[in-house]
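Shown next, in structure tokens, is the structure this report addresses.
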Amino acid sequence: MSCWPRRATTRSAWLGRRRTPGHSEAKRRGRLWGATGASCSDVSRWFTLPAMGRHSVRSVLQGTSGTEVEVSGWVKSRRTSRGGFSFIAINDGSCFADLQVVADQALPNYDEIVELGAGCAVVVTGTVAESPGKGQDREVQAGEVHVVGHVEDPETYPIAKKRHTFEYLRTVAHLRPRTNTFGAIARVRNTIAQAVHRYFDANGFVWVNTPIITASDCEGAGELFRVTTLGTNHAAQDQEAPSAAGGAGAGGSRGGSPPLEQKDFFGRDTFLTVSGQLNVEPYCLSMSKVYTFGPTFRAENSNTSRHLAEFWMIEPEIAFADLGDLADLAEDFLKSIFSEILRRHPDDMAFFRDRIDPSVIERLANVIESEFVRLEYGEAVDILAASGETFDFPVEWGRDLQSEHERYLTEQHARGPVVVVNYPKDIKAFYMRANDDGRTVAAMDVLVPGVGEIIGGSQREERLDALDGRMTDAVKEELWWYRDLRRYGSVPHAGFGLGLERLVLYVTGMENIRDAIPYPRVPNNASF
RNA sequence: UCCGCCUUAGCUCAGUUUGGUAGAGCAGCUGACUGUUAAUCAGCGGGUCGCUGGUUCGAGCCCAGCAGGCGGAGCCA
């Protein structure tokens with residue numbers, strides 16, 4: 001596992017600032033070139049919109065020769081020619097390609113320019129020209145090269161001009177977006193996220209911002225992180241301690257004192273959400289088509305390449321719909337996202353194909369063009385039993401499908417995405433709708449090669465009596481409002497959860513989910 | 001949480017079998033050369049061998065514990 005950081009990229013945030021009317025071009029220029037260190041006034045000079053004269057590398061490479069441009073970015077490499085000039089490859093994250101800047105020795109700060117190395121930040125003004133060299137159509141003949149930020153020790157700059165392992169790059173997560181791999185991932189991840197919103201908006205869905213802090217510990221998807229102000233806020237605790245302890249000395253709560261959680265911020269136990277589903281259902285049963293898209297937290301002690309403690313989940317929920325409608329939505333949704341990625345990121349995807357996974361483009365194209373294979377759980381069991389494969393875990397109706405089984409179905413049997421529906425009710429959550437056969441529920445998993453389960457969803461139980469039969473008394477009390485929905489205009493509805501990072505893995509061909517999110521949170525590691 | 005593997009220069013690794021205080025490639029630096037583009041060639045500098053303890057005259061190497069990383073499993077998205 002390695003990548004080529006030589007052409008690293010960073011997506012820069014263009015927080016465009018309006019130029020104040022009094023700032024003439026001369027004034028701005030003077031402020032920029034005058035100072036070596038970046039004062040606040042310098043920064044206000046550098047943040048300008050592209051339309052106001054600033055150019056991204058992307059726009060320069062698409063532009064016409066002879067144009068005067070100003071571009072800025074980070075040096076990927078510098079090669080000095082004794083012919084009296086240097087080639088500086090810079091990247092600003094706006095696209096995969098670097099921009100080649102040609103700096104002539106006649107430039108007043110040429111001594112400084114020949115000492116540029118990977119990681120240095122520069123602002124260049126110059127003229128776009130046809131490039132006589134191979135490897136790029138256009139380049140910039142520099143009129144000025146202003147070194148904004150130096151690299152203090154080139155030998156220890158973490159992103160050397162060579163291959164690095166992904167494991168190593170995770171230890172320098174603050175600089176890995178400068179590599180070509182993580183720059184491409186950042187751009188593709190962004191486009192996926194934007195495409196998710198575009199898809200739902202275009203199809204009449206309403207984005208619902210479900211809470212991140214929840215009081216419900218029965219969302220049903222794994223271990224919860226506790227949210228509390230107790231224990232961390234020692235001052236507040238100490239203030240309360242004397243009265244709470246009464247005259248009984250330090251420590252233990254006595255019979256008369258309230259439970260500890262009642263002294264907590266919300267007056268009860270609270271957690272980080274593991275799913276927005278329960279909270280989005282009320283909006284589904286009002287707005288008809290809704291979705292959540294936000295961070296999700298699971299405190300499972302999971303140490304795999306497919307699990308994060310903090311990840312982003314997309315959860316559409318549709319009313320007047322059954323499991324078949326939901327599967328149709330999942331398929332159409334994924335195809336739409338994949339199409340947009342291929343259309344908008346040919347350079348990044350070509351890189352993933354050449355350096356990460358040779359089949360990645362072909363795989364997405366095949367998904368777009370073919371229909372997802374759909375299997376009843378019972379069919380899947382039969383296929384596995386008849387496969388002739390030797391599995392570590394037995395295949396038997398009533399048992400959940402193991403990773404090896406799912407992998408066989410999607411990688412060997414279907415050779416593409418496969419939707420498995422109608423699982424045994426005893427292995428699925430209480431809110432999934434009971435089927436008429438009495439032994440299955442309308443649950444659905446979408447499996448894809450290499451990643452495994454990318455989508456999990458179900459039709460929800462809309463009948464109060466059937467729902468009550470699957471809830472304990474404690475859950476009924478906690479989720480009284482959820483039960484209310486089944487009393488007031490209940491309708492068949494369905495939804496699924498899709499992990500954004502798993503989608504990023506599938507689209508990019510990357511293998512470890514820790515490389516699909518800028519700052520991964522996993523057990524024993526919340527660095528950065 | 002369970003099973004397995006790994007931790008030596010800025011990075012990637014060899015050195016562990018047969019204990020005797022360390023090597024290569026890349027990166028960096030210097031120079032040569034060149035419209036170069038993973039440039040090429042020559043030279044130079046660079047290491048408390050993850051941490052703690054043990055065995056030994058002597059430990060990168062053997063033993064134990066711990067920490068971290070990776071792969072797989074479970075949980076799931």
Side-chain angles (χ1 to χ4, degrees), chain A residues 1-7 76-89 97-104 115 117-119 129-136 139 141 151 153-172 180 220-223 274-277 295-315 355 392-393 400-404 406-407 427-429 445-448 451-457 496-506 511-514 516-517 522-525 527:
Chain A
M1 296 217 299
S2 58
C3 62
W4 292 89
R6 184 179 63 88
R7 308 174 71 182
K76 198 69 73 62
S77 69
R78 193 217 72 251
R79 297 172 295 277
T80 298
S81 169
R82 293 303 168 195
F85 43 87
S86 283
F87 301 102
I88 312 164
D98 300 330
L99 175 67
Q100 174 159 288
V101 173
V102 183
D104 193 88
E115 291 185 356
E130 302 288 327
S131 179
K134 299 168 193 156
Q136 61 281 320
E139 62 190 19
Q141 298 286 344
V151 168
D153 182 2
E155 184 173 9
T156 58
Y157 178 60
I159 308 298
K161 195 174 67 175
K162 64 183 289 282
R163 278 177 187 257
H164 291 292
T165 61
F166 296 137
E167 290 82 358
Y168 166 71
L169 289 171
R170 277 170 220 146
T171 70
V172 287
N180 52 9
E223 294 293 314
V274 296
S275 165
Q277 178 207 322
T296 308
F297 307 87
R298 295 187 184 172
E300 301 288 348
N301 195 0
S302 296
N303 293 291
T304 81
S305 57
R306 292 176 295 284
H307 289 84
L308 291 165
E310 176 184 287
F311 64 100
W312 285 61
M313 189 152 65
I314 300 148
E315 298 178 282
R355 300 290 185 189
D392 292 335
F393 291 86
D400 208 353
L401 299 178
Q402 303 293 314
S403 285
E404 57 177 350
E406 295 180 340
R407 190 171 300 132
I427 59 173
K428 289 296 181 181
D445 282 352
V446 179
L447 314 173
V448 294
V451 176
E453 183 180 341
I454 198 169
I455 284 178
F496 64 73
L498 166 64
L500 174 63
E501 289 75 18
R502 289 187 179 177
L503 196 53
V504 171
L505 287 189
Y506 189 68
E511 292 182 342
N512 195 308
I513 204 161
R514 293 162 196 198
I517 190 169
V522 296
N524 276 314
N525 194 339
S527 305

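- The CZ-C1' distance, from A:Arg79 to B:A32, rounds to 18 Å in whole Å.
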N/O-N/O pairs, protein side and nucleotides 8-11 of chain B side, under 3.5 Å:
{"unit_1": "B:C11", "atom_1": "O2'", "unit_2": "A:Lys162", "atom_2": "NZ", "d": "3.1"}
{"unit_1": "B:C11", "atom_1": "O2'", "unit_2": "A:His164", "atom_2": "ND1", "d": "3.3"}
{"unit_1": "B:C11", "atom_1": "O2", "unit_2": "A:Lys162", "atom_2": "NZ", "d": "2.8"}

Could you go through nucleotides 72-74 of chain B and list every protein N or O atom that sits under 3.5 Å from one of its N or O atoms, giving the distance for each pair?
{"unit_1": "B:G72", "atom_1": "OP2", "unit_2": "A:Ser305", "atom_2": "OG", "d": "3.3"}
{"unit_1": "B:A73", "atom_1": "OP1", "unit_2": "A:Arg407", "atom_2": "NH2", "d": "3.2"}
{"unit_1": "B:A73", "atom_1": "OP2", "unit_2": "A:Arg306", "atom_2": "NH2", "d": "2.8"}
{"unit_1": "B:G74", "atom_1": "OP1", "unit_2": "A:Gln402", "atom_2": "OE1", "d": "2.4"}
{"unit_1": "B:G74", "atom_1": "OP1", "unit_2": "A:Ser403", "atom_2": "N", "d": "3.4"}
{"unit_1": "B:G74", "atom_1": "OP2", "unit_2": "A:Ser403", "atom_2": "OG", "d": "2.9"}
{"unit_1": "B:G74", "atom_1": "N2", "unit_2": "A:Asn301", "atom_2": "O", "d": "3.2"}

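- Of all nucleotides present, only B:G4 satisfies the Watson-Crick or G-U wobble test against B:C70, with each distance under 3.5 Å.
- Per the geometry, CZ belonging to A:Phe297 stands 16 Å off C1' belonging to B:C76, to the nearest Å.
- Note on A:Arg514: only backbone sugar-phosphate atoms sit closer than 4.0 angstrom, heavy atoms only; bases stay farther off.
- The residue A:Glu310 sits apart from the nucleic acid: no heavy atom pair falls under 4.0 Å.
- Between the CD atom of A:Gln136 and the C1' atom of B:G35 there is a distance of 9 Å, given to the nearest Å.
- Using a 4.0 Å heavy-atom criterion, one finds that A:Asn525 contacts the sugar-phosphate atoms exclusively.
- Among the protein residues, A:Phe496 comes within range of no part of the nucleic acid, since none of its heavy atoms lies under 4.0 Å from any strand.
- Base contact: A:Ser131 has a heavy atom under 4.0 Å from a base atom.
- In this model, the phosphate group of B:U36 is not approached by any side-chain N or O of A:Ser81 to a distance below 4.0 Å at OP1 or OP2.
- Counting any heavy atom pair closer than 4.0 Å across all strands shown, A:Ile314 reaches no nucleic acid atom.
- Partners of A:Ser527 under the side chain to side chain donor-acceptor pair (under 3.5 Å) rule, at least two apart in sequence or in another chain, are A:Asn525.
- Taking CD of A:Glu501 as the start and CE of A:Met313 as the end, the distance is 10.5 Å to the nearest 0.5 Å.
- Among residues two or more places apart in sequence or in another chain, the side chain to side chain donor-acceptor pair (under 3.5 Å) test is passed with A:Thr296 by none.
- Side-chain contact check for A:Val274 versus A:Phe297: every heavy-atom pair is 4.5 Å or farther apart.
- Residues passing the side chain to side chain donor-acceptor pair (under 3.5 Å) test with A:Arg407: none are found, sequence neighbours excluded.
- Nearest to the side chain of A:Asn512, among B:G71, B:A77, B:G35, sits B:G71.
- Scanning for side chain to side chain donor-acceptor pair (under 3.5 Å) contacts around A:Gln136 gives A:Ser131, with sequence neighbours left out.
- We find that CE of A:Met313 is positioned 13 Å from P of B:C76, with the value rounded to whole Å.
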Look for any protein N or O under 3.5 Å of an N or O in nucleotides 3-7 of chain B and output each such pair with its distance, or none.
none

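- Put simply, CD1 on A:Ile88 and CG on A:Leu99 are 10.0 Å apart, with the number rounded to the nearest 0.5 Å.
- Contact annotation for A:Glu139: base contact, defined as any heavy-atom pair under 4.0 Å involving a base atom.
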Candidate pair A:Leu169 and A:Ile159, rule side chain to side chain contact (heavy atoms under 4.5 Å, CB included), full reasoning: CA-CA 8 Å; A:Leu169 289 171; A:Ile159 308 298; 3.7 Å; yes
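- Residues A:Leu447 and A:Ile454 have side chains not in contact (no heavy-atom distance under 4.5 Å, counting atoms from C-beta outward).
- Residue A:Arg78 contributes atom CZ, which lies 13 Å from atom P of B:A27 at whole-angstrom precision.
- Applying the side-chain contact (heavy atoms from CB on, under 4.5 Å) criterion to A:Asp153, with sequence neighbours excluded, gives A:Glu155, A:Thr156.
- Contact annotation for A:Gln100: base contact, defined as any heavy-atom pair under 4.0 Å involving a base atom.
- When heavy atoms are screened at a 4.0 angstrom cut-off, A:Thr171 is found touching no nucleic acid atom at all.
- Taking the side-chain contact (heavy atoms from CB on, under 4.5 Å) definition, one finds that A:Gln402 meets it with A:Phe393, A:Glu404, A:His405, sequence neighbours left out.
- For the atom pair OG of A:Ser275 and CZ of A:Arg298, the computed distance is 6.5 Å after rounding to the nearest 0.5 Å.
- Judged as a salt bridge (charged side-chain N to carboxylate O under 4.0 Å, His left out), and not counting sequence neighbours, A:Glu139 has no contacts.
- Residue contacts shown for A:Pro132 include a base, since a base heavy atom lies under 4.0 Å away.
- Here the P atom of nucleotide B:U36 and the NZ atom of A:Lys161 are 15 Å apart, to the nearest Å.
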Please list, for nucleotides 50-52 of chain B, all pairs of protein and nucleotide N/O atoms separated by less than 3.5 Å.
none

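- Within the model, atoms CG of A:Asn301 and NE2 of A:His307 stand 11.5 Å from one another, a figure rounded to the nearest 0.5 Å.
- Counting to the nearest Å, the C1' atom of B:C75 and the CD1 atom of A:Ile427 are 13 Å from each other.
- For A:Ala299, the side-chain contact (heavy atoms from CB on, under 4.5 Å) partners at least two apart in sequence or on another chain are A:Glu223, A:Phe225.
- If you measure from atom CD of A:Glu115 to atom P of B:C29, you get 9 Å, rounded to the nearest angstrom.
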